Peer 1: 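My questions will all concern the structure given below.
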Amino acid sequence: MPLPWTLHGDGAHVAPGDVVAPGERLSWPRTIGLGAQHVVAMFGATFLVPIITGFPPATTLFFSGIGTILFLLVTGNRVPSYLGSSFAFIAPITAAMAAEGVADPMGAALFGIVVVGVLLAVVGLVVQFAGSRWIDVLMPPVVAGAIVALIGLNLAPVAKANFQEAPLTALVTLVAVLVASVAFRGILGRMSILLGVLVGYVVAVVQGEVDFAAVGEAAWVGLPQFHLPANPLADAAVWGLLPAFLPVVLVLVAENVGHIRGVAQMTDQRVNAYTGRALFADGLATTLAGFFGGSGTTTYGENIGVMAATRVYSTAAYWVAGSFAVLLGLSPKVGAIINTIPPGVLGGVTTALYGLIGVIGVKIWVDNRVDFTNPVNQFTAATALVIGIADFTFNAGEVVFNGIALGTIAAIAIYHLMNGIARLRGTAAPAEQPVTGASATPAPDARH
């Protein structure tokens with residue numbers, strides 16, 4: 001059976017103004033090199049999610065590779081994207097892991113991830129047959145931006161807690177992230193989070209803050225650590241954590257749609273026809289990861305940035321990247337090394353990272369020219385942000401709605417209620433339409 005890619009030109013050069021299309025490839029040595037570059041681009045963000053949430057890093061890396069390969073299969077090799085860990089899951093997973101009265105906190109978090117994955121897959125099927133226009137109606141730019149922003153800013157206390165455990169290490173890490181983001185161009189500039197972690201890690205080692213005992217005991221080759229989701233029928237408290245996960249579906253939809261439109265703009269507008277398949281594939285990948293102990297996935301902006309810089313959009317490079325990630329996940333030694341990253345380093349990184357997620361929400365407003373002289377937009381954003389940042393909670397029996405869930409509900413409900421009243425009274429401003437599509441979120445080094 002022939003491979004599905006045709007050789008671009010001589011396989012070694014990309015002419016000025018030309019691009020390597022998804023169905024093309026360069027020579028295999030160059031393609032393998034590009035695949036390795038995509039692994040480096042995704043690595044800094046993907047390994048941070050399990051470190052921050054307490055999930056096994058090797059498992060998350062393993063399922064990010066499996067998810068990427070699954071994504072390529074479902075989209076028929078027509079959409080070049082890498083599926084890495086989504087930062088939108090950090091807040092609900094953190095809440096689940098710290099929840100009281102739950103027999104298996106990690107299992108409860110995995111149940112939430114599985115539900116999100118199933119719902120995202122369902123959304124993908126709906127989009128495949130009904131189009132994506134309804135997404136823009138449900139979540140206009142002011143709503144989408146508010147949801148993304150409040151998810152990042154809701155995590156601010158977590159960043160502060162880690163920062164205070166080792167202030168010097170955290171400060172050095174933060175400064176390294178900031179400097180790296182402006183001191184380097186191209187791929188190095190997009191890896192500012194990873195570079196900051198490396199600098200902070202060295203400082204932590206010098207200060208004796210890193211324990212390498214587990215690294216020496218870990219095997220070089222072995223299966224990752226698997227963990228099954230909790231059974232909600234055996235532990236009713238698991239249902240109480242679910243509302244915190246549901247808003248993540250909206251974020252993943254916005255993120256995937258934005259990335260697909262971005263890739264289509266750079267390659268071929270016909271890629272937009274695969275939006276439904278892409279959402280369905282990400283839903284399947286997230287469900288699979290959640291079933292066995294990995295974090296939820298999303299298409300990555302860092303890798304889109306690599307494609308923009310290299311002008312190589314070949315899906316062959318992503319097959320290589322996914323395969324590399326699977327191999328990394330099969331090394332417990334790699335997971336043990338990642339697990340040695342101390343709280344001080346995480347505090348420095350997340351101080352910038354969580355704020356950056358919030359700013360990406362603001363960027364959605366800016367890109368789509370949201371009119372904040374309109375009271376509907378003002379109150380939609382203002383109310384949702386305060387609810388999310390202050391982490392309002394509401395208990396309905398055993399079900400707990402946290403700030404992210406309530407803020408998301410508020411953003412959608414306030415916008416449509418106020419807009420409906422304004423239309424009835426004839427005071428509504430002209431409806432806003434997305435300019436670039438819903439923007440992406442938790443890929444921390446992405447230049448959207």
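What you see below is based on every heavy atom in this structure, not just the backbone, and it leaves out hydrogens, waters and symmetry mates. Quick caveat: nothing in here was measured; it's all calculated off a predicted structure.
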Peer 1: Could you tell me which non-hydrogen atom of Gly293 sits nearest to which non-hydrogen atom of Met106, and how far apart they are?
Peer 2: O-CE, 3.9 Å
Peer 1: Is a donor from one side chain sitting under 3.5 angstrom from an acceptor on the other, for Asp282 and Thr297?
Peer 2: yes
Peer 1: Could you check Phe89 against Thr53 for side chain to side chain contact (heavy atoms under 4.5 Å, CB included), going step by step and ending with a plain yes or no?
Peer 2: CA-CA 9 Å; Phe89 283 100; Thr53 59; over 6 Å; no
Peer 1: Measure the shortest side-chain to side-chain distance between Thr408 and Phe401 over non-hydrogen atoms and say whether it is less than 4.5 angstrom.
Peer 2: no
Peer 1: Which pair of heavy atoms, one from Asn339 and one from Pro57, lies closest together, and at what distance?
Peer 2: ND2-CD, 3.5 Å
Peer 1: To the nearest 0.5 Å, tell me how far Ile404 CD1 sits from Ile389 CD1.
Peer 2: 11.0 Å
Peer 1: Please answer whether the main-chain N or O of Leu138 pairs with a side-chain N or O of Tyr415 as donor and acceptor at a distance below 3.5 Å.
Peer 2: no
Peer 1: Say you draw a straight line from CG of Leu242 to CG of Leu246; how long is it, rounded to the nearest 0.5 Å?
Peer 2: 4.5 Å
Peer 1: Kindly give the heavy-atom pair with the smallest separation between Asp235 and Gly101, and that separation in Å.
Peer 2: OD1-O, 4.3 Å
Peer 1: Any ion pair linking Arg261 and Asp136 (charged N to carboxylate O, less than 4.0 Å)?
Peer 2: yes
Peer 1: From Leu223 CG over to Thr59 OG1, what is the distance, rounded to the nearest 0.5 angstrom?
Peer 2: 9.5 Å
Peer 1: Nearest 0.5 Å, please: how far is CG in Leu48 from CZ in Phe43?
Peer 2: 9.5 Å
Peer 1: Please report the C-alpha distance between Leu250 and Ile412 in whole Å, then the side-chain angles of each, then the deciding distance to 0.1 Å, and finally whether the side chain to side chain contact (heavy atoms under 4.5 Å, CB included) criterion is met.
Peer 2: CA-CA 11 Å; Leu250 302 178; Ile412 296 174; 3.5 Å; yes
Peer 1: Among Met42, His259, Gln37, find the one that has a side chain to side chain contact (heavy atoms under 4.5 Å, CB included) with Asn303.
Peer 2: Met42
Peer 1: Compare all side-chain heavy atoms of Phe324 with those of His38 and state whether any distance is below 4.5 angstrom.
Peer 2: no
Peer 1: Does the side chain to side chain contact (heavy atoms under 4.5 Å, CB included) test come out yes or no for Thr60 and Phe47, once each step is laid out?
Peer 2: CA-CA 7 Å; Thr60 294; Phe47 83 77; over 6 Å; no
Peer 1: Applying the side chain to side chain contact (heavy atoms under 4.5 Å, CB included) test to Val172, which of Val175, Thr169, Leu168 qualifies?
Peer 2: Leu168
Peer 1: Hey, is the main chain of Leu328 close enough, under 3.5 Å, to the side chain of Ser331 for a donor-acceptor pair?
Peer 2: no
Peer 1: Would you please classify the geometry between the Phe212 ring and the Tyr201 ring as parallel, tilted or perpendicular, with 30° and 60° separating the classes?
Peer 2: perpendicular
Peer 1: Closest heavy-atom contact between Asp391 and Gly403?
Peer 2: OD1-N, 2.8 Å
Peer 1: Supply the atom-to-atom distance Thr68 OG1 to Leu83 CG, rounded to the nearest 0.5 angstrom.
Peer 2: 4.5 Å
Peer 1: Does some side-chain heavy atom of Tyr354 sit less than 4.5 Å from a side-chain heavy atom of Ile90?
Peer 2: yes
Peer 1: Is a side-chain N or O of Thr315 found less than 3.5 angstrom from the main chain of Pro80, in a donor-acceptor match?
Peer 2: no
Peer 1: Measuring from atom OG of Ser81 to atom OH of Tyr313, what distance do you get when rounded to the nearest 0.5 angstrom?
Peer 2: 11.5 Å
Peer 1: Quick one, Val127 and Trp134 - any side-chain contact, counting heavy atoms below 4.5 Å?
Peer 2: yes
Peer 1: Parallel, tilted or perpendicular for Phe292 and Phe226, by the 30°/60° rule?
Peer 2: perpendicular
Peer 1: Is there a donor-acceptor pair under 3.5 Å between the side chain of Thr287 and the backbone N or O of Val118?
Peer 2: yes
Peer 1: Does Thr286 use its side chain to pair, donor to acceptor, with the backbone of Gly283 at less than 3.5 Å?
Peer 2: no
Peer 1: So Met307 and Tyr318, do their side chains get closer than 4.5 Å, heavy atoms only?
Peer 2: yes
Peer 1: Looking only at heavy atoms, what is the nearest atom pair of Gly294 and Leu110, with distance?
Peer 2: O-CD2, 3.7 Å
Peer 1: Is there a side-chain contact between Ile338 and Leu61 (heavy atoms, below 4.5 Å)?
Peer 2: yes
Peer 1: Decide whether Asn77 and Trp319 meet the rule of one side-chain donor and one side-chain acceptor closer than 3.5 Å.
Peer 2: yes
Peer 1: With the side chain counted from C-beta on, respond yes when Phe245 and Val115 share a heavy-atom pair under 4.5 Å apart, and no when they do not.
Peer 2: no
Peer 1: Which atoms form the tightest heavy-atom contact between Ala384 and Leu150, and what is the distance?
Peer 2: O-CD2, 3.6 Å
Peer 1: One pair to check against side chain to side chain contact (heavy atoms under 4.5 Å, CB included): Tyr82 and Phe71. What are the steps and the verdict?
Peer 2: CA-CA 8 Å; Tyr82 188 90; Phe71 182 92; over 6 Å; no
Peer 1: For residues Thr350 and Leu155, determine if any side-chain heavy atom of one lies less than 4.5 Å from a side-chain heavy atom of the other.
Peer 2: no
